[in-house]
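Because the structure is a prediction, the values reported are computed rather than measured.
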Amino acid sequence: MYPPLKPWISKLCALSLSLLASQAVFSQDLQQTTPSEEPQLSVSELCQAIGKKLGSVSITECEQQQLVASGHHSQKGYPLSVRHYGPKPNRSPKGRIILMGGIHGDEYASVSVLFKWMNTLNKHHSGLFDWKVIPLANPDGLLRRKSQRQNDNGVDLNRNFPTPDWDEKAMDYWQNRTFKNKRRYPGPYAASEIETRWLLELIKEFEPDAIISVHAPHKLIDFDGPHQPPQKLGKLHLHRLGTYPGSLGNYGGSVLDVPILTVELPFAGIMPSQGEISTMWTDLVRWLVKEVPKQKKRRMAKTESTEDSSGE
């Protein structure tokens with residue numbers, strides 16, 4: 001027979017077995033809690049979720065917009081979707097417009113107003129402009145149990161665009177100006193998020209002459225880029241907020257050299273009256289008619305210059 005183990009050796013063996021058992025349990029728990037890849041949902045399922053979330057947009061109203069999945073999906077599997085109101089036969093549009101809402105998921109009114117404006121386009125699209133409309137740029141932010149500004153990764157998409165100052169200023173601004181406010185986290189690097197990369201791809205392919213982004217709740221309109229801004233849209237008046245590292249306004253003005261109009265509704269959770277929504281739309285279209293042809297002319301001249309320099 002072997003001699004009995006010394007007491008301290010017995011305790012050490014028992015402790016080792018205990019640690020091994022704990023590690024096994026922890027590994028098992030980790031495997032169980034690691035999220036599996038989310039299934040890719042359809043536009044119909046997206047509309048089901050929007051209709052259940054927003055009292056001002058029904059499932060049927062969403063489905064009637066005939067949104068088209070882009071082929072890209074959010075972290076939670078929602079299709080990143082767009083509606084194209086393209087050119088009409090025998091009419092050349094005055095320009096190309098991107099109209100978007102819901103880049104911040106807790107700004108419900110921005111999504112609702114986009115759907116109401118789409119109802120107007122459904123009835124009255126005449127080919128005056130070539131529109132691409134994105135009613136919900138951040139589905140994961142809106143459609144979670146408690147809606148949040150950021151996407152599912154906790155990134156503020158409107159601080160994630162690859163502006164020239166992103167590497168130098170974005171993280172510093174977040175740490176020292178917002179004191180690491182999680183609602184304004186710009187992401188680990190510029191264009192780190194699938195939603196941002198999709199918007200960048202759309203912008204590159206479509207080459208818009210203006211981008212209108214609807215937000216809430218600052219009750220104003222902001223403007224970046226060339227040409228003259230509108231002085232008002234309905235009851236909202238022009239008030240420039242300045243630029244932020246990684247914002248769409250900064251990116252549009254400094255990189256694209258395209259007019260970026262930010263529409264800040266008065267309330268995030270209360271939609272404007274139908275009359276105010278209609279007045280804002282009328283004022284917006286009047287401004288576009290006046291200013292966008294200038295940008296279209298610049299875009300076409302730039303294209304011709306590029307073709308000439310390439311020898312085509």
Side-chain angles (χ1 to χ4, degrees), residues 43 46 50 54 57 62 65-70 72 74 78-86 95-121 125 129-143 147 149-151 155-161 191 193-218 221-225 233 236 244 246-253 255-256 258-265 268 271 277 280-281 284-285 287-288 292:
V43 171
L46 173 68
I50 290 173
L54 298 178
V57 179
C62 178
Q65 306 307 331
Q66 300 177 8
L67 293 169
V68 175
S70 64
H72 300 287
S74 69
Y78 290 110
L80 302 176
S81 305
V82 61
R83 171 71 188 272
H84 187 200
Y85 297 87
R96 302 169 183 165
I97 314 297
I98 288 179
L99 178 61
M100 75 171 72
I103 199 168
H104 290 148
D106 57 357
E107 296 172 2
Y108 309 122
S110 72
V111 181
S112 299
V113 166
L114 259 291
F115 275 102
K116 305 313 173 189
W117 283 350
M118 291 174 76
N119 290 340
T120 300
L121 281 170
H125 176 52
F129 294 103
D130 184 358
W131 301 86
K132 289 217 170 179
V133 184
I134 304 160
L136 180 54
N138 178 13
D140 289 352
L142 174 71
L143 299 175
S147 300
R149 175 186 176 97
Q150 316 95 295
N151 72 349
V155 174
D156 181 348
L157 298 177
N158 203 34
R159 299 293 183 268
N160 192 237
F161 285 86
E193 304 309 296
I194 181 61
E195 299 90 346
T196 312
R197 295 195 297 273
W198 169 58
L199 291 172
L200 291 170
E201 178 183 296
L202 179 68
I203 290 168
K204 182 179 180 180
E205 292 177 353
F206 190 55
E207 294 186 292
D209 298 303
I211 299 173
I212 294 94
S213 183
V214 182
H215 289 260
H218 293 300
I221 49 178
D222 190 14
F223 186 79
D224 298 278
L233 297 183
L236 306 178
Y244 303 92
S247 72
L248 175 60
N250 188 345
Y251 179 76
V255 177
L256 302 177
V258 167
I260 308 288
L261 181 65
T262 302
V263 180
E264 285 275 358
L265 302 171
M271 195 170 63
I277 292 171
M280 286 191 295
W281 177 256
L284 174 62
V285 172
W287 173 73
L288 291 172
V292 162

side-chain contact (heavy atoms from CB on, under 4.5 Å) for M280 and L265? Distances and angles first, verdict last.
CA-CA 10 Å; M280 286 191 295; L265 302 171; 3.8 Å; yes
Given M100 and L248, is the side-chain contact (heavy atoms from CB on, under 4.5 Å) satisfied, shown in steps?
CA-CA 11 Å; M100 75 171 72; L248 175 60; 4.0 Å; yes
Could you walk me through whether L199 and F161 pass the side-chain contact (heavy atoms from CB on, under 4.5 Å) check?
CA-CA 9 Å; L199 291 172; F161 285 86; 3.9 Å; yes
Go through the steps to decide whether Y244 and N250 satisfy the test side-chain contact (heavy atoms from CB on, under 4.5 Å), and finish with yes or no.
CA-CA 6 Å; Y244 303 92; N250 188 345; 5.9 Å; no
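Between A268 and P217 the shortest heavy-atom distance is N-CB, 3.7 Å. Across S112 and L54, no two heavy atoms sit closer than the pair OG-CD1, 4.0 Å. Shortest non-hydrogen contact noted between I50 and C62 is CD1-SG, 4.1 Å.
Judged purely by atom type and a 3.5 angstrom limit, D140 has no side-chain atom pairing as donor or acceptor with the backbone of N151. Under the 3.5 Å distance criterion, the side-chain polar atoms of H125 are matched with a main-chain donor or acceptor of G86. D156 contributes no side-chain N or O that, together with a main-chain N or O of R149, makes up a donor-acceptor pair within less than 3.5 Å. Judged purely by atom type and a 3.5 angstrom limit, S110 uses its side chain to pair as donor or acceptor with the backbone of G102. Counting only distance, with no hydrogens or angles, the side chain of E264 and the backbone of A216 share a donor-acceptor pair below 3.5 Å. In this structure, the side chain of D106 does not engage the main chain of S147 through any donor-acceptor pair within 3.5 Å.
The closest side-chain heavy-atom distance from I134 to I103 is not below 4.5 Å. Taking the side chain as every heavy atom from C-beta outward, W287 and L261 approach each other to under 4.5 Å. Under the 4.5 Å side-chain criterion, counting only non-hydrogen atoms from C-beta, D130 is in contact with F206. Taking 4.5 Å as the limit, some side-chain heavy atom of Y85 sits within range of a side-chain heavy atom of V133. Side chains of V113 and V263 form no contact here, defined as non-hydrogen atoms less than 4.5 Å apart. At least one side-chain heavy atom of L288 sits less than 4.5 Å from a side-chain heavy atom of I212. M271 has its side chain within reach of I277: a pair of non-hydrogen atoms, C-beta onward, lies under 4.5 Å apart. Looking at L136 and L143, their side chains come closer than 4.5 Å, going by heavy atoms from C-beta outward.
Ring planes of W281 and W117: tilted class, angle from 30 to 60°.
Applying side chain to side chain contact (heavy atoms under 4.5 Å, CB included) to H104 and the options N138, N158, V111 leaves one that passes, N158.
With hydrogens and angles left out, the side-chain atoms of Q65 and N119 include a donor and acceptor closer than 3.5 Å. Side-chain contact, E193 with N160: no donor N or O sits under 3.5 Å from an acceptor N or O.
Residues meeting the side-chain contact (heavy atoms from CB on, under 4.5 Å) test with I194, sequence neighbours left out: H72, L80, R197.
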